[in-house]
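The chains referred to below are lettered A, B, ... by the order of the sequence lines, with proteins before strands, and numbering in each begins at 1. Source: prediction; values computed, not measured.
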There are 2 protein chains.
Amino acid sequence: MELAQKYQALLHEAQRRQLPDVAGIRLCFQTLSLASAIDRDCAALLAPHSLSEGRFVLLFLLDAASEGLAPNALAEQAGVTRATVTGLLDGLEREALIERQADASDRRALHIRLTLKGKQVAKQVFDQHGRWIAGLFGNLSAPERQQLATLLDKVALNLDATQSGRPE
Amino acid sequence: MELAQKYQALLHEAQRRQLPDVAGIRLCFQTLSLASAIDRDCAALLAPHSLSEGRFVLLFLLDAASEGLAPNALAEQAGVTRATVTGLLDGLEREALIERQADASDRRALHIRLTLKGKQVAKQVFDQHGRWIAGLFGNLSAPERQQLATLLDKVALNLDATQSGRPE
DNA sequence: CACATATAATTAGCCGCCATACTATATGGC
DNA sequence: GCCATATAGTATGGCGGCTAATTATATGTG
């Protein structure tokens, strides 16, 4: 695997300094590089539709909610702040994929719905995205996948443990 | 492992729709979630020193170059654009960790060096960072680490293959 | 030497994330 | 009903990534 350039530079230096556990550093950088590569690949897939990952997530959530959703519900489900949702919705509205409608029972609130165009793009993109993501681990056997999932879980567990133990 | 909120929402919906290969989707989200968690953990470690990951990388590279480095060299090694380096250096300069000096032989160019404060912070942070990163995979056995590395490499290989095969 | 081209560092604008503040509105207790 | 508090969506500014443009400088060719 080719590590992202910054990780190559850092790793090269870690080796030069003969830091302990260079292999652990390398493993970390492998994980991060792979994640970056996946993100980059995903972005390339979404860009022709004028979508970013953030916009894609909102599109997906809205497609699943026939009655529309309020921005704060979108924020909750997407795991970002309301402020961020405003910007993402601005982009989607600019592309005529969504429309903002007033809420009848709460003058502060909005309902966000997909336009017809939005629904069409959604259908197209989800199909494409689904096929792409299904192929990501396509060269791993079922046992290998299980193995990978278990190992990732184990690392995440360690991360959670060290994080909660941090005296901050 | 607890997936990032947006992935939980997407996965929930993928399950609801009975998409094929939900396990593959889940595996992808596990990888991305772990990477995000590592990034977040790293950011928490660096923040008390007024450093972000980007700044840390530059600090590290500069610490390794006793004669200083030019911004374009930093950009190359860090794998970002010169424009991005300018912003990062601005931040580091603001914190008095670096100084910009004119290059005697090329009026367009600069030399970037660590200040004394910069060297001290660097020493402290690298020590801390090294211990942190060494502990990341601390709960994996040596064979498990090897396994994880191999699996990550394999996925990355697949990603590279599908990417170069893309007719763009 | 003149000039076309390339390069260095920075600026400006876009994007997506955050936190904070703001304006308008809703809620609940007294 | 009044008022303190909370909430909805947005604006603003910071940050770090990008691209393209800019100004100053360097290079190479004829």
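Close to C/dC15, at under 4.0 Å from its OP1 or OP2, lies a side-chain N or O of A/Arg94. The side chain of B/Thr86 places no N or O atom within less than 4.0 Å of a non-bridging phosphate oxygen (OP1 or OP2) of C/dA9. Regarding contacts with the backbone of D/dT10, a side-chain N or O of A/Arg100 is found under 4.0 angstrom from either OP1 or OP2. Phosphate contact (OP1/OP2 of D/dT7, side-chain N/O of A/Asn72, threshold under 4.0 Å): absent. At C/dC15, none of the side-chain N or O atoms of A/Ser52 fall inside 4.0 Å of OP1 or OP2 (strictly under the cut-off). One finds a side-chain N or O of A/Arg55 lying less than 4.0 angstrom from the OP1 or OP2 phosphate oxygen of C/dG16. In this structure, A/Thr84 does not reach the C/dC17 phosphate: none of its side-chain N or O atoms is under 4.0 Å from OP1 or OP2.
Nearest to the side-chain atoms of A/Leu88 among the listed nucleotides D/dT25, C/dA19, C/dC17 stands C/dC17. Checking D/dG9, D/dC18, D/dA26 against every side-chain atom of A/Ala70, the shortest atom distance belongs to D/dG9. Distance from the side chain of B/Pro71 is smallest to C/dA9 among C/dC18, C/dA9, D/dG17. For A/Val80, taking side-chain heavy atoms from C-beta onward, the closest of the listed nucleotides C/dC17, C/dA26, C/dT11 is C/dC17.
Between the side chains of A/Ser33 and A/Ser36, no donor-acceptor pair of N or O atoms lies under 3.5 Å.
For A/Glu53 and C/dC17, the CD to P distance is 7 Å, given to the nearest whole Å. Here D/dG16 presents its C1' atom at 14 Å from CG of B/Leu46, a figure rounded to the nearest Å. In this entry the distance linking CZ of A/Phe56 with P of C/dG16 reads 15 Å, nearest Å. Rounding to whole angstrom units, CD1 of residue B/Ile112 and C1' of C/dT10 are separated by 12 Å. Between the P atom of C/dC15 and the CG atom of A/Leu58 lies a distance of 15 Å, rounded to the nearest Å. Rounded to a whole Å, the CD atom of B/Glu93 is 14 Å from the P atom of D/dG16. Rounded to whole Å, the distance from CG on B/Asp90 to P on C/dT10 is 7 Å. What separates CZ of A/Arg82 from C1' of D/dA8 is a distance of 6 Å, to the nearest Å.
Projected onto DNA chain C by closest heavy-atom contact, B/Val85 and A/Leu51 fall at different nucleotides, the more 5' of which corresponds to B/Val85. Both A/Gly54 and A/Arg107 sit near DNA chain C, but only A/Gly54 has its closest nucleotide nearer the 5' end.
Contacts of A/Leu89 with the nucleic acid, taken as non-hydrogen atoms under 4.0 Å apart, are absent. Using a 4.0 Å heavy-atom cutoff across all strands shown, A/Asp103 reaches no nucleic acid atom at all.
In the interface, the side chain of A/Arg108 is not paired with the base of D/dG9 through any donor and acceptor atom under 3.5 Å apart.
Salt-bridge formation is not detected for the pair B/Arg94/B/Asp90: no Lys NZ or Arg NE/NH1/NH2 atom is positioned less than 4.0 Å from an Asp or Glu carboxylate oxygen. Salt bridge annotation for A/Arg26-A/Asp21: absent, with no cationic side-chain nitrogen under 4.0 angstrom from a carboxylate oxygen.
Counting non-hydrogen atoms of other residues, nucleotides and ligands closer than 6.0 Å to NZ of B/Lys123 gives a total of 12 or fewer.
Under the 4.5 Å side-chain criterion, counting only non-hydrogen atoms from C-beta, B/Ile25 is not in contact with A/Phe137.
The residue from A/Gln128, A/Arg55, A/Glu95, A/His129 that alone fulfils the side chain to side chain donor-acceptor pair (under 3.5 Å) condition with A/His49 is A/Gln128.
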